[in-house]
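For reference, the structure is listed below as structure tokens.
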2 protein chains.
Amino acid sequence: MGDQIVAVKAKRGQRSKESIREDNELIILAAAEKVFAKHGLKGSTTKQIADVAKLPKSNIHYYFHTKLNLYRRVLESIFVEWMKAAEPFNTYDEPKEAIRFYVGAKMDLSRTRPFGSKVWANEIISGAPEMEEILSSRLKKWVDTCVSSINTWVELKKINSMGDAHTFLYMIWATTQHYADFDYQLIILNNGKKLTDSEFEEKKQQVIGLVLRSVGIEP
Amino acid sequence: MGDQIVAVKAKRGQRSKESIREDNELIILAAAEKVFAKHGLKGSTTKQIADVAKLPKSNIHYYFHTKLNLYRRVLESIFVEWMKAAEPFNTYDEPKEAIRFYVGAKMDLSRTRPFGSKVWANEIISGAPEMEEILSSRLKKWVDTCVSSINTWVELKKINSMGDAHTFLYMIWATTQHYADFDYQLIILNNGKKLTDSEFEEKKQQVIGLVLRSVGIEP
DNA sequence: ATTTAACCTGACCAAGTGGTCAAATATTTT
DNA sequence: AAAATATTTGACCACTTGGTCAGGTTAAAT
């Protein structure tokens, strides 16, 4: 990611105002996501973000005005991507396929965008002060449709009942996001080695297997 | 918890030096756990901790010297309690019982000590800078014995294989800790209502059921 | 070519920050 | 009761914080 920033900055010289703004906002958002992931809203400083973005601090304030504003933009962008990953649940009729693709997509996101997941986790842990609205309106809505899908599957005897469908959904969230939020712990317990891409792919299949079996589907 | 602090402070007047130290350390540790849970190490201030503990800031420094020192003490105390909850895995021979009791104990901890779980989560998310040693020595050791228990069960065909036993263990951690770390999100998605004790007990049984089924045990 | 509008940034500031310290008070020991 | 030790706390300090702003540079519109 650092290389990306350098690359974009290097080809300066003759850029349109529009692309300048676009580029810099992306650079700053990426840097902010990284820093917020590590230290949360309160623990992160605009100076740190500026340093990661390789821009002067004033520049961050020029584009996003306040730290809180920048933070909200980061959260919003993460939420949008998560919702995109959540589509499988409503596009597949068969639980086996729906669950397989949803869990797979969530695992992929944990792998490709771990910082976003961590920012989200930090925000919830600290009481979700900036996300209450997103959660209680947009996320709630999605969860409701999801829960009714699951309930339908239970009624059709396609999967075992787990009592409250939320419990199953939360297990999926927790298990998949664990691979992003707790990645440092996983590395330490893996003797200091990060999983390779193929090892991660294997893990992904194992997770899918456990989740499917938990509702009685043989993977 | 606030009431506890008040109660302890109220009965002052004639206390031994020893009990003064003991009491105040407990009060400060409890306050620190609460504040660190919400804002992490960097985002928390000694003033906040002092306010929650209802003591002057200097007093916090008198007992624990530095913020980092206090933070380490909080982490250590959480780790000790988690290891206690982890015993079932090595005291029961049958996977059904071992898993049932372990998952139950972890769920109970999420209910009774959510702040501790959040401090832990924050620490890992921010790269585990203060816990690397605990993780790579003491936790690693426990995980290794756990993994070999699981593998034995697989060999004896008492449970289904999930490939790598770690995957199963991490699912248990993630799912149970989710009920502490993401409690705000769960409340919002539950229409703003916290789970009652009996509702939580029900959730606990559902989680146990899912986990058992995920390795092919009928609960 | 000149005006206009957007971008850039070093210098600056008021409000915290973790931590120190000396003086006051309380308990324990002699 | 007096000396020794431990607790308490307001005042203080060097440093960092988020944010402002004036004066500059660069690109776009006239």
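Note that this is a predicted model, so its numbers are computed, not measured. Quick note on labels: first sequence line is chain A, next is B, and so on, each numbered from 1.
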In whole angstroms, how far is the [atom2] atom of [N] from the [atom1] atom of [X]?
{"X": "B:Ile20", "N": "C:dA26", "atom1": "CD1", "atom2": "P", "answer": "11 Å"}
{"X": "B:Asn59", "N": "D:dT9", "atom1": "CG", "atom2": "P", "answer": "6 Å"}
{"X": "A:Lys47", "N": "D:dT17", "atom1": "NZ", "atom2": "P", "answer": "8 Å"}
{"X": "A:Ile49", "N": "D:dG18", "atom1": "CD1", "atom2": "P", "answer": "8 Å"}
{"X": "A:Gln48", "N": "D:dG19", "atom1": "CD", "atom2": "C1'", "answer": "17 Å"}
{"X": "A:His39", "N": "D:dT17", "atom1": "NE2", "atom2": "C1'", "answer": "15 Å"}
{"X": "A:Ile60", "N": "D:dT20", "atom1": "CD1", "atom2": "P", "answer": "14 Å"}
{"X": "A:His61", "N": "D:dG19", "atom1": "NE2", "atom2": "P", "answer": "4 Å"}

Does B:Lys57 contact C:dG18 through a side-chain donor or acceptor facing the base, at a distance under 3.5 Å?
yes
May I ask you to verify if any side-chain N or O of A:Arg21 is less than 4.0 angstrom from the OP1 or OP2 atom of C:dA6?
no
Is the phosphate of C:dC8, meaning OP1 or OP2, less than 4.0 Å from a side-chain N or O of A:Asn24?
yes
For [Y], is there an ion pair with [X] - N to carboxylate O distance below 4.0 angstrom?
{"X": "B:Lys204", "Y": "B:Glu201", "result": "yes"}
{"X": "A:Asp197", "Y": "A:Arg111", "result": "yes"}
{"X": "B:Glu33", "Y": "B:Arg113", "result": "yes"}
{"X": "A:Glu76", "Y": "A:Arg73", "result": "no"}

Distance-only, no hydrogens or angles: does the B:Thr175 side chain make a donor-acceptor pair with backbone N or O of B:Ile172 under 3.5 Å?
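Judged by distance alone, no pair lies under 3.5 Å.
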Enumerate the residues from residues 62-70 of chain B whose closest heavy atom to DNA chain D is under 4.0 Å, giving them by residue number; use none for an empty result.
B:Tyr62, B:Tyr63
Would a line drawn from the ring center of B:Tyr170 to the ring center of B:Trp173 be shorter than 6.0 Å?
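Between B:Trp173 and B:Tyr170, which both carry aromatic rings, the centre distance is below 6.0 Å.
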For B:Phe89, check ring pair (Phe, Tyr, Trp, His ring centres under 6.0 Å) against everything at least two apart and list the hits.
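In terms of ring pair (Phe, Tyr, Trp, His ring centres under 6.0 Å), with neighbours along the sequence ignored, B:Phe89 is linked to B:Tyr102, B:Trp153.
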Report which part of the nucleic acid A:Ser58 touches: base, sugar-phosphate, or nothing (heavy-atom distance under 4.0 Å, all strands).
base
